[in-house]
Amino acid sequence: MSDFIPLAGQYLPQLFRAALIYTLPLTVISFALALVFAVITALIRLAKLPAAPIPRLLLRGLKAIAGFYVWLFRSTPMIVQLFIVFYGLPSAHVTLFANAWLSAITVFSLNTGAYASESVRAAISSVPRVQIEAAESLGMNRWQVFADVILPQAARISIPPLSNALIGLLKDTSLASVITIVEMFYLSQQIAAENYQILTMYILAAFVYAVFTTILSLAQHQLERYTSRFAQ
């Protein structure tokens, strides 16, 4: 470890570059899609069943699908999901997922979306019913109530758990190395195989992850402080 500093100076720029080019885009794209999946899933699971038979049956079906989706991705490891999508589906002639990036984004977004949907659902459910009733008594329709009363409060409440999901996703992108994506952790493995400085390279990789997660944590703190001004 006596040559740790020279190695850090040599390889840290490469690792940061790989993180900026591969790890961060993979994280941002996957999280953006995950939010879409999370909101849609949460709204479906919270929706009230209508009285009309056909819409009622349709919504029941959507609720069953949403519930199965959340159960499936929360009850199986992400690495197994990656192997199924990238290695398993192409062997079953689903060639679309032979692309490693598409497979990774699909798994990361669906997995994170399943967990985030519970946070979104809890945030929406936490809005006091009396506020919704008060808004309805003022003549606001369902969408106005959601946009002007429920959504702003739910968004503020969901910031901490969704921020944690984003930070977790950033670290979980290291799993993309198992399906041949040359992201930052994969690069550190390649360098370690060449220079035999295994411990040093993994420490440097951990440092890069720590830098980015710290930045995200600070951003989360600032966002919480900003939105807390509207809590009262």
Side-chain angles (χ1 to χ4, degrees), residues 27-76 78 105-172 212-232:
T27 302
V28 171
I29 295 171
S30 298
F31 189 72
L33 292 173
L35 285 180
V36 175
F37 293 136
V39 172
I40 293 174
T41 302
L43 291 178
I44 289 174
R45 301 188 73 186
L46 287 171
K48 294 182 179 180
L49 293 174
I54 294 180
R56 185 182 184 89
L57 182 62
L58 178 61
L59 184 55
R60 281 187 181 276
L62 290 175
K63 283 178 173 289
I65 293 172
F68 177 77
Y69 155 63
V70 173
W71 169 82
L72 178 65
F73 282 90
R74 293 182 68 195
S75 60
T76 55
M78 186 183 289
I105 290 173
T106 299
V107 171
F108 290 149
S109 59
L110 288 174
N111 184 285
T112 304
Y115 284 93
S117 69
E118 293 297 279
S119 300
V120 174
R121 186 162 70 101
I124 293 175
S125 300
S126 67
V127 177
R129 180 64 190 173
V130 65
Q131 295 187 21
I132 299 174
E133 293 174 348
E136 292 174 342
S137 68
L138 294 175
M140 299 175 67
N141 60 39
R142 182 182 304 176
W143 296 111
Q144 289 174 323
V145 171
F146 179 77
D148 297 334
V149 178
I150 299 176
L151 186 59
Q153 297 184 70
R156 178 178 56 80
I157 294 169
S158 62
I159 285 174
L162 290 181
S163 299
N164 290 335
L166 174 59
I167 292 172
L169 177 60
L170 174 67
K171 294 182 289 184
D172 286 340
F212 283 104
T213 55
T214 300
I215 293 172
L216 289 177
S217 297
L218 292 174
Q220 171 191 345
H221 179 65
Q222 292 300 318
L223 185 58
E224 288 181 15
R225 287 185 60 185
Y226 175 77
T227 56
S228 65
R229 299 184 305 167
F230 309 103
Q232 301 300 327

(request) Determine yes or no for a side-chain-to-main-chain donor-acceptor pair under 3.5 angstrom, with Tyr69 supplying the side chain and Ala114 the backbone. (result) yes
(message) Could you tell me if the side chain of Gln220 sits less than 4.5 Å from the side chain of Leu166, heavy atoms only?
(response) no
(message) Can you tell me how far apart OG1 (Thr27) and CD1 (Ile105) are? Round to the nearest 0.5 Å.
(response) 10.0 Å
(request) Write down the atom of Leu72, the atom of Thr76, and the distance for their closest heavy-atom approach. (result) O-OG1, 2.9 Å
(request) Sort and list the pairs that fulfil side chain to side chain donor-acceptor pair (under 3.5 Å) and have at least one residue in residues 161-172, not counting sequence neighbours. (result) none
(request) Name all residues meeting the ring-ring contact (aromatic ring centres under 6.0 Å, His included) criterion together with Phe37; count only those two or more places apart in sequence or in a different chain, and write none if there are none. (result) none
(request) For residues 123-137, pull every pair meeting side chain to side chain donor-acceptor pair (under 3.5 Å), keeping only residues two or more places apart or in separate chains. (result) Gln131-Gln153
(message) Please report the interatomic distance OG1(Thr112) to CG(Leu170), rounded to the nearest 0.5 Å.
(response) 11.0 Å
(request) Supply the atom-to-atom distance Thr106 OG1 to Leu33 CG, rounded to the nearest 0.5 angstrom. (result) 8.5 Å
(message) Tell me the closest heavy-atom pair linking Leu223 and Ile159, and the distance in Å.
(response) CG-CD1, 3.8 Å
(request) Please list, chain by chain and in numerical order, all residues satisfying ring-ring contact (aromatic ring centres under 6.0 Å, His included) with Phe31, sequence neighbours excluded. (result) none
(message) Quick check against the 3.5 Å criterion: does Lys63 have a side-chain atom that pairs as donor or acceptor with the backbone of Leu58?
(response) no
(request) Please name the pair of heavy atoms, one in Ala155 and one in Ser158, separated by the smallest distance, quoted to 0.1 Å. (result) O-OG, 3.1 Å
(message) Has Thr41 got a side-chain atom pairing as donor or acceptor with Ala38's backbone, closer than 3.5 angstrom?
(response) no
(request) Go through Met78 and Phe108 one step at a time and tell me if the side-chain contact (heavy atoms from CB on, under 4.5 Å) criterion holds. (result) CA-CA 8 Å; Met78 186 183 289; Phe108 290 149; 3.2 Å; yes
(request) Find the distance between CG (Leu62) and CD1 (Ile65) and round it off to the nearest 0.5 Å. (result) 5.5 Å
(message) I need the Leu110 CG to Ser117 OG distance, nearest 0.5 Å.
(response) 11.0 Å
(message) If you compare all heavy atoms of Tyr115 against all heavy atoms of Arg74, which two are closest, and at what distance to 0.1 Å?
(response) OH-O, 3.4 Å
(request) May I ask you to decide if the ring planes of Trp143 and Phe146 are parallel, tilted or perpendicular, using 30° and 60° as cut-offs? (result) perpendicular
(message) For Ile54, is the CD1 atom crowded, meaning more than 12 foreign heavy atoms sit under 6.0 Å from it?
(response) no
(request) For residues 44-55, pull every pair meeting side chain to side chain donor-acceptor pair (under 3.5 Å), keeping only residues two or more places apart or in separate chains. (result) Arg45-Glu118
(request) Give, for atom CD1 of Ile124 and atom OG of Ser119, the distance between the pair rounded to the nearest 0.5 Å. (result) 11.0 Å
(request) Provide the full list of side chain to side chain donor-acceptor pair (under 3.5 Å) pairs with a residue in residues 50-59, sequence neighbours left out, each pair given once. (result) none
